[in-house]
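Reckoned from all heavy atoms, side chains included, excluding hydrogens, waters and symmetry mates. Per chain, numbering begins at 1; letters A, B, ... match sequence-line order.
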There are 2 protein chains.
Amino acid sequence: MDAVLTELVSSGKITDPQSAKGRLMRAAAHLFKTKGYERTTVRELGAAVGIQSGSLFHHFKSKEAILLCVMEETIVINIARMHEALKQANSAEEKLLALITCELASIHTDTGEAMGVLVYEWRSLGQDKQKYILQLRDEYESLWLSTIEQGKQEGLIQHDGFILRRLLTGAIGWTTTWYRPDGDISLDELAEQTLKLAIK
Amino acid sequence: MDAVLTELVSSGKITDPQSAKGRLMRAAAHLFKTKGYERTTVRELGAAVGIQSGSLFHHFKSKEAILLCVMEETIVINIARMHEALKQANSAEEKLLALITCELASIHTDTGEAMGVLVYEWRSLGQDKQKYILQLRDEYESLWLSTIEQGKQEGLIQHDGFILRRLLTGAIGWTTTWYRPDGDISLDELAEQTLKLAIK
DNA sequence: CACACTACCAAGCAAGCGCTTGGTTTACAA
DNA sequence: TTGTAAACCAAGCGCTTGCTTGGTAGTGTG
């Protein structure tokens with residue numbers, strides 16, 4: 001558990017991963033990612049943490065609330081980690097690499113399954129919850145856009161900012177389907193290759 | 001209906017879009033894309049084409065069979081269109097642009113909804129069907145890889161071929177969530193911008 | 001006209017779903 | 001030791017799901 005995470009837990013902004021609720025959320029993220037939200041039953045969720053299905057509703061008021069909570073906390077964690085990573089970067093190129101590395105890490109380390117759920121299962125939320133999640137991501141996205149804008153001013157980037165960001169979102173997000181961190185190529189190498197899409 | 005599509009229909013390789021089955025498949029693609037496969041009921045599918053839910057099973061033996069058929073035919077159509085587009089391209093750069101344009105078109109024209117289903121709903125298929133679909137896409141992918149390889153030999157591309165293809169797959173596929181062909185930027189312009197990810 | 005075949009309907013079944021309820025155990029503070 | 005609240009179980013309710021069944025119009029063929 002890194003420093004950022006510890007801070008978020010002790011300030012009450014996210015659930016302690018050690019707690020019953022936290023373990024349930026990790027199990028839920030795993031099942032939602034591998035089976036999909038709709039195909040995961042509350043009975044499976046209960047069984048995954050060793051309780052009856054009905055007992056889930058002591059912790060969450062509905063199955064959808066579990067999904068929402070998983071998404072919510074993942075965003076909070078990764079925004080915090082992104083801010084932290086940007087602190088140690090100076091030039092636009094360094095910042096861009098930091099953002100890319102951060103986003104790749106969010107997909108391929110501890111929050112990986114939750115991030116997959118965020119990308120693949122947002123339609124399972126009711127419309128108001130979808131808006132709420134989108135709003136949470138806004139802070140995240142504005143960090144990206146301002147960094148890209150800086151890169152354009154430095155002559156590093158030719159693309160339109162919005163378009164480039166969205167193309168990169170897709171490129172990075174898709175790695176969840178094919179990249180394995182324990183394979184031939186390291187996360188940092190993958191980040192370098194991804195950066196080369198934006199600059200040359 | 002373009003020439004490629006007409007040929008595929010008359011040779012029996014894909015269902016006539018005018019037929020009852022064809023109309024059902026289009027409606028299914030639409031519902032699966034907007035609501036997701038699991039959240040779409042057979043009653044909705046029936047209602048969408050004006051028949052009872054039970055009558056669906058006269059055309060397909062199961063709901064999953066509808067999903068499979070939608071995916072299958074979309075792949076067949078787009079492989080054919082890709083071959084056609086490559087015929088008119090010579091240099092590696094032209095070929096690459098043709099492939100990108102083709103893939104973008106597959107997502108944003110008539111097969112768009114079915115392509116979205118292909119990307120978002122493959123987990124809803126049983127394992128054997130998943131393998132079958134993956135196998136169908138192999139021909140498609142090998143066209144991409146050989147073109148990228150040609151680009152590398154011409155010094156046009158620096159990236160590793162496999163990695164570049166997968167990054168591009170993600171970048172292009174993700175456009176389904178944000179790009180609208182009737183918006184500010186044309187499909188061809190988007191293709192150009194996408195090409196600039198790979199070459200500079 | 002008789003026959004066969006395709007396309008459909010009306011009704012409903014068995015199974016599985018999310019969630020509720022009433023009661024019991026556990027943990028810990030007073 | 002007692003009181004209280006959190007955490008959980010056992011049972012099952014009401015509803016929806018994919019799919020089946022038995023029967024019926026409509027259409028073309030000999």
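Closest to the side chain of B/F57, from the set D/dC19, D/dA10, C/dA7, is D/dC19. Candidate nucleotides D/dC8, C/dC19, D/dC19 were compared by shortest atom distance to the side chain of B/V42, and D/dC19 ranks first. Minimum atom distance to the side chain of A/S62 is reached by C/dC19, of the listed C/dC19, D/dT20, C/dC8. Comparing D/dC8, C/dA7, D/dT17 by their nearest atom to the side chain of A/H58 picks out D/dC8. For A/S53, the listed nucleotide lying nearest its side chain is C/dC19; candidates were C/dC8, D/dT17, C/dC19. Of the candidates D/dG18, C/dC17, D/dC8, the closest approach to any side-chain atom of A/R43 belongs to C/dC17.
Put simply, CD on A/Q52 is 9 Å from P on D/dA11, counting in whole angstrom units. What separates CG of B/L68 from C1' of D/dG18 is a distance of 17 Å, to the nearest Å. For the pair A/L56 CG and D/dA6 P, the computed distance is 18 Å after rounding to whole Å. Atom NZ of B/K61 and atom P of D/dT21 are 16 Å apart (whole Å). Here D/dT17 presents its P atom at 11 Å from CD of A/E38, a figure rounded to the nearest Å. A straight line from CZ of A/F32 to C1' of C/dG18 spans 12 Å, rounded to a whole angstrom. We find that NZ of B/K35 is positioned 13 Å from P of D/dT16, with the value rounded to whole Å. If you take NZ of A/K21 and C1' of D/dC8, they are 16 Å apart, rounded to a whole angstrom.
Judged purely by distance below 3.5 Å, without hydrogens or angles, the side chains of B/S124 and A/R39 pair a donor atom with an acceptor atom. A donor and an acceptor atom, one from each side chain of B/K95 and B/Q150, are located under 3.5 Å apart.
When the side-chain nitrogen and oxygen atoms of A/S55 are compared with OP1 and OP2 of D/dC9, one or more of them lie within a distance under 4.0 Å.
Between A/E121 and B/R123 a salt bridge is recorded (basic side-chain N to carboxylate O distance below 4.0 Å). With respect to B/E84 and B/K87, a salt bridge is recorded, a charged nitrogen being found less than 4.0 Å from a carboxylate O.
Nearer to the 5' terminus of DNA chain C, by closest-nucleotide assignment, is the contact made by B/I51 (compared with the other of B/I51 and A/R39).
Side-chain atoms of A/S53 do not come within 3.5 Å of backbone N or O of A/V42 as any donor-acceptor pair.
Among the heavy atoms of the strands lying under 4.0 Å from A/G50 are primed sugar atoms or P, OP1, OP2 only; no base atom is included. Nucleic acid contact class of B/S19 (heavy atoms, under 4.0 Å, all strands): none.
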